[in-house]
Amino acid sequence: MPDQATDETTIFRKSWTLYDSISEMNYMFHREIYAQITALLSRRRARGLYSILDLGCGNTRFIAPCLKTATPSRYVGVDLSEAALTEAFQYLKGLDNVALHHQDMLQAVQTTEASFDVIFSGYAVHHFDAKMKQDLFHACAAKLAKDGQFILVDMVREEGQTREQFIEGYLNFMRTQWTAVPPDHLEEACNHVAAYDFPETFSDLKRMAAAASLTNVRLLDRFAQHHILVFSA
Ligand SMILES: C[S@@+](CC[C@H](N)C(=O)[O-])C[C@H]1O[C@@H](n2cnc3c(N)ncnc32)[C@H](O)[C@@H]1O
């Protein structure tokens with residue numbers, strides 16, 4: 001019989017592997033989105049060296065090539081999944097000044113003594129409830145260096161759409177578009193979304209950012225429900 005710790009590791013590895021194959025099939029527009037992140041970071045790099053904190057970095061499969069093009073002076077990734085972080089070390093090979101922390105991302109921003117030119121988060125913040133998202137905006141605003149940017153890639157609800165309506169629409173999108181995912185894996189992914197996804201509307205995110213003095217907000221692009229937002233003071 002596996003002990004509880006082994007069991008939890010297996011579950012983390014299994015759900016991580018499922019997400020990794022979904023992103024490889026580009027069902028959440030990782031290719032288009034991370035091409036834009038490369039362009040954004042390259043423009044930042046052209047202005048000088050920059051440091052970057054990545055919240056919910058996962059295995060860094062998609063951010064790593066961006067970093068290799070627009071090399072930062074320092075990259076810090078934070079994630080709760082040890083399985084993902086183990087893979088991240090491989091994807092980040094060749095980059096200097098890399099640190100990976102097995103930690104809650106809100107705690108990480110709140111407790112770090114460093115400041116960052118860029119704080120990035122891809123598809124992780126929608127797991128937070130509204131209060132935690134507000135706390136995250138406050139913490140990010142406090143840890144951004146002068147002229148710093150908080151770049152958020154995430155699912156966003158339409159204005160006036162309830163969470164239930166969003167989930168219904170997203171599950172329909174998954175069941176009709178994610179055709180190469182085996183049915184039992186698709187159901188596992190749908191259950192995960194229904195239980196853990198709490199996306200906000202763009203205006204709610206803007207309001208939270210403004211409350212944290214991040215009053216400059218840009219919707220850089222969107223691909224269906226998947227948005228790229230840039231916040232700065
Ligand atoms: C959907 S994956 C996104 C991975 C990658 N950033 C991307 O864009 O593909 C979400 C990641 O956030 C991590 N995560 C979720 N909640 C977290 C938290 N409170 N603190 C740190 N990591 C968290 C998960 O472990 C997972 O690796």
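As the structure lists them, so they are numbered: ligands from 1, and atoms in each ligand from 1.
Between Arg222 and Glu32 no salt bridge is recorded (no basic side-chain N to carboxylate O distance below 4.0 Å).
For ligand 1, the atoms sitting less than 4.0 Å from at least one non-hydrogen atom of Phe128 are 19 (N), numbered in the order shown with element in parentheses. Residue Asp104 approaches ligand 1 through these ligand atoms, each under 4.0 Å from one of its heavy atoms: 18 (C), 19 (N), 20 (N). Annotation for ligand 1: atoms under 4.0 Å from non-hydrogen atoms of Ser81 are 25 (O). Applying the 4.0 Å criterion to heavy atoms of Cys57 picks out, from ligand 1, the atoms 5 (C), 6 (N). Close contacts of ligand 1 with Tyr34, meaning ligand atoms under 4.0 Å from a residue heavy atom, involve 7 (C), 8 (O).
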Inset, instruction - Verify ring pair (Phe, Tyr, Trp, His ring centres under 6.0 Å) between Tyr170 and His226, making sure each step is shown before the conclusion. - result: CA-CA 11 Å; Tyr170 204 82; His226 315 82; 5.6 Å; yes
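Residue pairs meeting the side chain to side chain donor-acceptor pair (under 3.5 Å) criterion with at least one partner in residues 122-132, sequence neighbours excluded, are His126-Asp154, His126-Asp197, Lys131-Asp135.
No option in Glu24, Met28, His192 other than Met28 meets the side chain to side chain contact (heavy atoms under 4.5 Å, CB included) test with Tyr19.
Only backbone heavy atoms of Gln103 (N, CA, C or O) come within less than 4.0 Å of ligand 1; its side chain stays farther off. Contact annotation: for Phe120 versus ligand 1, there are no heavy atoms closer than 4.0 Å. With a 4.0 Å cut-off on non-hydrogen atoms, Ser121 does not touch ligand 1 at all.
In this structure, Tyr75 and Leu100 have side chains that are in contact, with non-hydrogen atoms separated by less than 4.5 Å. At a threshold of 4.5 Å between non-hydrogen side-chain atoms, the residues Ile151 and Leu220 do not count as touching. Under the 4.5 Å side-chain criterion, counting only non-hydrogen atoms from C-beta, Met25 is not in contact with Trp178.
Of the candidates Asp79, Leu106, Val125, it is Asp79 that places a heavy atom closest to atom 13 (C) of ligand 1. Of the candidates Asp20, Thr60, Asp54, Leu80, the one placing a heavy atom closest to atom 18 (C) of ligand 1 is Leu80. Considering Ala124, Gly58, Gly122 only, the shortest heavy-atom separation from atom 3 (C) of ligand 1 involves Gly122.
The closest approach between Phe62 and ligand 1 stays at or above 4.0 Å for every heavy atom of the residue. Heavy atoms of His30 approach ligand 1 to within less than 4.0 angstrom.
Residues satisfying the side chain to side chain donor-acceptor pair (under 3.5 Å) criterion with Ser51, sequence neighbours excluded, are Asp117.
Because its NZ or CZ atom is not both nearer than 6.0 Å to the ring centre of Phe137 and within 45° of the ring axis, Lys133 does not count as a cation-pi partner of that residue.
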